[in-house]
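Naming convention: chains lettered A, B, ... in sequence-line order (proteins, then strands); numbering from 1 in each chain. As the structure is a prediction and not an experimental result, all values here were calculated from the model.
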There are 2 protein chains.
Amino acid sequence: MHDDDIANTMRALGHPVRLEILRILATQQQGQCCCADVTDSLTLAQSTVSQHIKVLLDAGLIERKPHGTRNRYCLRHDRLAELGSAFGGLLKGLAPVAANKETEQA
Amino acid sequence: MHDDDIANTMRALGHPVRLEILRILATQQQGQCCCADVTDSLTLAQSTVSQHIKVLLDAGLIERKPHGTRNRYCLRHDRLAELGSAFGGLLKGLAPVAANKETEQA
DNA sequence: ATCTTCCATCGCAATTCACCGATCAACTGG
DNA sequence: CCAGTTGATCGGTGAATTGCGATGGAAGAT
């Protein structure tokens, strides 16, 4: 994961509504998360929510599963974890010099 | 740290140049980091770099120390660490339901 | 076949962002 | 006091983002 990718993902997370959407998806039972549910919890127009979902989708943070007439969305826990370690690595790389020696390109 | 704050900080990190600036500050010896150094490493206009620095400053990720004719910048490791745990908490909150019980408001 | 529900996508306006050159305050050196 | 350097800030431009309502297509129901 390079700087650009991290920055990209960060930007996707850099909006409260998007964080909220992730939270909503997390609280649903696995697979129960359709767009209407999200729209319903979020005083925003359906098109706006769809837009935000698209951003999260493009960032690879969530997954779309077409399911008949309604789509299902769910978190991509693998990606989240990946981001977690990439971010951890970033923070480590920023840590005071003395600390990082063999963590150069994790 | 609320959603808005996290989102804000994320957005500050959501730009490759800003990540690069953090990296540059990290590699300098403690306190040796003036704006010109950064500008020099970054094929960007000085005003643009200053702008990015301001964003990082506003996000509380770096610190300005006026020092005679030139300013010094350095990372706020405390804030970085704080962000690290906030982010960790966020990821935890997004983890599959069974896992999170007492981590509600860290 | 028709009607309804769901939702991605398309304009469109308003706002913000990224970048630049120019300017200006503040400090240093002569 | 005058010149030089550093770097924050202002003004402007073009691109991207955020929000919306409206459109349209796909799947399920009647």
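- At whole-Å resolution of the value, CD1 in B:Ile62 and P in D:dG7 are 12 Å apart.
- Distance NZ (B:Lys54) to C1' (D:dC10): 12 Å, rounded to an integer number of Å.
- Within the structure, side chain to side chain donor-acceptor pair (under 3.5 Å) pairs that include any residue of residues 44-54 of chain B comprise B:Arg18-B:His52 (at least two apart or interchain).
- Under the rule for a salt bridge (charged side-chain N to carboxylate O under 4.0 Å, His left out), B:Arg64 has no partner lying at least two apart in sequence or in another chain.
- When hydrophobic clusters are built by joining Ile, Leu, Val, Met, Phe, Trp and Tyr residues whose side-chain heavy atoms come closer than 4.5 Å, directly or via intermediates, A:Leu91 is grouped together with B:Leu22.
- Under the side chain to side chain donor-acceptor pair (under 3.5 Å) criterion, B:Arg79 pairs with no residue at all, not counting sequence neighbours.
- The distance from atom CZ of A:Phe87 to atom CG of A:Leu80, rounded to the nearest 0.5 Å, is 13.0 Å.
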Worksheet item: Can you give one letter per nucleotide of nucleotides 12-25 of chain D, going 5' to 3': B for a protein heavy atom under 4.0 Å from the base, S for sugar-phosphate only, - for none?
Response: ------SSBBB---
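- Here the CZ atom belonging to B:Arg72 is positioned 10.5 Å from the CG atom belonging to B:Asp37, to the nearest 0.5 angstrom.
- The CG atom of B:Asp40 sits 14 Å away from the C1' atom of D:dG7 (whole-angstrom rounding).
- Counting to the nearest Å, the C1' atom of C:dC6 and the CZ atom of A:Arg70 are 7 Å from each other.
- As rounded to whole Å, 15 Å separates atom P of C:dT16 from atom CG of B:Asp58.
- Separating the CZ atom of B:Arg72 from the C1' atom of C:dA26 is a distance of 17 Å, rounded to the nearest angstrom.
- Put simply, CZ on A:Arg64 is 16 Å from P on C:dC6, counting in whole angstrom units.
- A:Leu75 contributes atom CG, which lies 9.0 Å from atom CG of A:Leu56 (distance to the nearest 0.5 angstrom).
- Rounding to the nearest 0.5 Å gives a distance of 11.5 Å between CG of B:Asp78 and CG of B:Leu83.
- Take B:Arg23 and apply the salt bridge (charged side-chain N to carboxylate O under 4.0 Å, His left out) test, not counting sequence neighbours, and it matches A:Asp3.
- For the OP1/OP2 pair of C:dC6 and a distance below 4.0 Å, the side-chain nitrogens and oxygens of A:Asn71 include no atom meeting the criterion.
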Taking only nitrogen or oxygen atoms into account, show me every contact under 3.5 Å that the protein makes with nucleotides 28-30 of chain D, one pair per line with its distance.
none

